[in-house]
Protein chains: 2
Amino acid sequence: MSTASLTMEFPKVGLAARKKDRTRRQLAEAAAELFYEKGYTATTVDEIVAAVDVSPRTFFRYFPTKEDLVVALGETSLDQFLDALRNRPFEESLQVAVTAATAESWAAEWVDTTKVRSFLALLRETPALRARWLEEAYRKRDLMAEVIAARTGTCPSDLRNLMIAGAITLTINTALQAWADQDAEPNAAPFVYRGLEELATPLLPD
Amino acid sequence: MSTASLTMEFPKVGLAARKKDRTRRQLAEAAAELFYEKGYTATTVDEIVAAVDVSPRTFFRYFPTKEDLVVALGETSLDQFLDALRNRPFEESLQVAVTAATAESWAAEWVDTTKVRSFLALLRETPALRARWLEEAYRKRDLMAEVIAARTGTCPSDLRNLMIAGAITLTINTALQAWADQDAEPNAAPFVYRGLEELATPLLPD
DNA sequence: TAGGATAGTGACAGATTCTGTCATAAGTCA
DNA sequence: TGACTTATGACAGAATCTGTCACTATCCTA
């Protein structure tokens with residue numbers, strides 16, 4: 001057993017696993033291309049699998065639903081943001097840490113402005129996808145609440161932590177949408193920063 | 001023309017319209033009963049229409065999708081809240097107005113605690129429905145932003161207004177979920193109030 | 001009140017998503 | 001190499017959703 005884990009040094013995972021990853025990626029990429037080209041609903045699963053040459057049944061083994069495929073296209077961004085937030089020094093205030101984490105996850109490779117715009121456009125024009133994406137963000141909220149709780153030494157299920165996490169998610173989504181609605185500013189970050197600044201003031205002052 | 005609108009005094013809308021409303025309500029009620037009894041996915045459209053004795057095709061004329069049916073079950077609450085908020089005196093601060101509007105819409109007839117709990121349970125155990133519900137709240141957010149903008153004399157598409165509206169939606173949803181997670185407090189209002197109080201303080205202080 | 005316009009309805013066919021199942025092939029590990 | 005696990009393809013089938021058409025009930029106007 002202990003030797004087994006040592007034998008597979010170079011190929012951290014076996015040939016099968018690599019093949020699996022590749023198929024998954026191929027499906028996602030082929031789907032993205034088709035979605036951006038002719039829209040989400042107009043693209044059928046049959047078309048996607050034809051592009052990768054696998055059976056329709058196989059598709060649903062990789063992605064439980066067609067929507068999950070779209071989530072997979074964008075979820076990396078959320079994860080990277082959370083990772084960045086986790087790694088910010090504890091001395092920083094939440095405000096600073098969140099802003100910095102935003103900048104970091106923005107600098108990461110995945111953020112190709114063109115792709116992000118296409119992705120946001122896809123969400124915008126497909127209510128079902130927007131819903132699914134919100135749900136995904138909603139689920140990640142609990143994770144974010146944990147990270148925040150760890151920083152402030154409070155309880156993760158504290159209503160305030162849930163609200164802070166929700167507000168951050170809300171801010172990012174709202175700011176990104178506002179950014180996508182305009183063409184002047186090519187970089188999304190300023191929009192997010194402005195949103196985060198709002199969170200430094202009471203949203204409903206007495 | 002002018003006389004026509006006078007002739008239909010008592011039946012504000014004709015027989016056909018009343019029949020239509022009744023069918024719609026019957027579908028919603030039959031569906032709610034089945035959903036609460038055996039779950040959303042386990043309930044087929046065929047079963048719902050059988051209970052009301054209409055054709056499946058008719059169902060989709062009333063509700064574009066099965067999910068829309070569930071939205072119809074709960075959307076009154078959002079509308080009533082918005083109405084209440086619209087009618088609060090302008091002198092009140094947003095904080096006071098929102099709190100009062102919450103109390104008012106809570107007092108309305110629709111809020112049967114048992115039904116609300118069933119509804120929230122339905123959302124909780126069916127991710128697709130939760131997603132759809134979030135999307136609905138998201139769409140209502142723009143309306144709320146308009147109401148807020150009218151009070152503060154600002155632009156409805158202002159990022160800050162969108163965030164305030166989003167935060168209020170977020171607060172209500174989060175608080176309701178927290179309330180549904182416990183059994184001690186039978187009334188949901190205190191949870192919402194506590195959430196709204198959080199909005200009186202900065203969520204991300206410098 | 002009659003008759004045409006409008007709108008709800010049922011029935012059918014079909015597309016699409018998604019699930020269950022099983023045999024086959026490929027890959028893994030001892 | 002040989003047993004074991006896992007991915008895959010193929011098929012059948014359920015459920016959601018859409019297009020269409022003819023029929024009927026309701027409504028409006030003359």
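Quick caveat, the model's predicted, so the values are computed rather than measured. Proteins come first, then strands; the chains are lettered A, B, ... in the order of their sequence lines, and each starts at number 1.
In this structure, the nucleotide among dT16(D), dT8(D), dC12(C) sitting nearest to the side chain of T58(A) is dT8(D). Listed nucleotides dG27(C), dG8(C), dT17(C) differ in distance to K19(A); the shortest reach to its side chain belongs to dG27(C). Counting only heavy atoms from C-beta on, V54(A) has its side chain closest to dG9(D) among dG10(C), dC18(C), dG9(D).
Between the OH atom of Y62(B) and the C1' atom of dG10(C) there is a distance of 13 Å, rounded to whole Å. Computed from coordinates, the F60(A) CZ to dA15(D) C1' distance equals 13 Å when rounded to whole Å.
F59(B) comes within 4.0 angstrom of no nucleic acid atom, judged by non-hydrogen atoms across all strands. Counting non-hydrogen atoms under 4.0 angstrom, T43(B) reaches the backbone sugars and phosphates but no base. If you check every strand for non-hydrogen atoms under 4.0 Å, P56(B) touches nothing. Nucleic acid contact class of F63(B) (heavy atoms, under 4.0 Å, all strands): none.
A donor atom on one side chain and an acceptor atom on the other are found under 3.5 Å apart for T174(A) and R141(B). Inspection of the T102(B) and T99(B) side chains reveals no N or O donor paired with an N or O acceptor under 3.5 Å. Under the 3.5 Å distance criterion, with hydrogens and angles disregarded, a donor-acceptor pair is assigned to the side chains of D68(B) and T65(B).
One cannot find a donor-acceptor pair under 3.5 Å joining the base of dG8(C) and the side-chain atoms of R57(B).
For the pairing with Y40(A), the ring pair (Phe, Tyr, Trp, His ring centres under 6.0 Å) check across F119(A), F35(A), W133(A) returns one residue only, F35(A).
Positionally, the nearest nucleotide of DNA chain D for R61(A) lies more toward the 5' end than for the other of R61(A) and V45(B).
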